[in-house]
Amino acid sequence: DPWGVQIERVEVKDVRVPEQLQRAMAAEAEAAREARAKVIAAEGEHKASRALRHAAEVISDSPAALQLRYLQTLNSISAEHNSTIIFPVPIDIMSHLMNVNNVNPMTNMNA
């Protein structure tokens, strides 16, 4: 305080920024927003991949869990979209059913 004056506050009014500088500042702000959005998206992907890995571990421990998840998915699809769902029947089940149907009932009666 060599002059004995102490400044407590400074207020700036009516600042005019050149248009080119405004564009540069807007571009910088947009780049910062895009960078933050990419980081957030990457974090979301990371969390999703961890959840999928955990789900795969749970399903690998219990084969019935996969079948239950399949049925749950079919149920949710049918509830959301009023539509007909056609799902494949595994070949091993079909071949088993065909073998049962090919058994001659007359051979069972004679036995």
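Nothing fancy with the numbering, it's 1 onward along the sequence.
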**Message:** Between K38 and E34, does any NZ, NE, NH1 or NH2 come within less than 4.0 Å of an OD or OE carboxylate oxygen?
**Reply:**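 Judged by the 4.0 Å cut-off on N to carboxylate O distance, E34 and K38 do not form a salt bridge.
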
**Request:** Check the side chains of R23 and Q20 for a donor-acceptor pair under 3.5 angstrom, ignoring hydrogens and angles.
**Result:**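 The criterion, which ignores hydrogens and geometry beyond distance, is not satisfied for R23 and Q20.
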
**Request:** Could you state whether M25 and V15 fall into the same hydrophobic cluster, counting links through intermediate Ile, Leu, Val, Met, Phe, Trp or Tyr residues with side-chain heavy atoms under 4.5 angstrom apart?
**Result:**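 Hydrophobic grouping puts M25 with V15.
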
From [X] [atom1] over to [Y] [atom2], what is the distance, rounded to the nearest 0.5 angstrom?
| X | Y | atom1 | atom2 | answer |
| --- | --- | --- | --- | --- |
| H54 | I59 | NE2 | CD1 | 10.0 Å |
| R50 | H46 | CZ | NE2 | 4.0 Å |
| L52 | E45 | CG | CD | 9.5 Å |

**Prompt:** With a cut-off of 6.0 Å (strictly less than), are more than 12 heavy atoms of other residues, nucleotides or ligands near CD of E19?
**Reply:**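 At most 12 heavy atoms, drawn from other residues, nucleotides or ligands, come within 6.0 Å of this atom.
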
**More than 12 heavy atoms from other groups under 6.0 Å of CD on E30** = yes

**Asked** Looking at V17 and Q22, what are the two nearest heavy atoms and their distance?
**Response** O-NE2, 3.2 Å

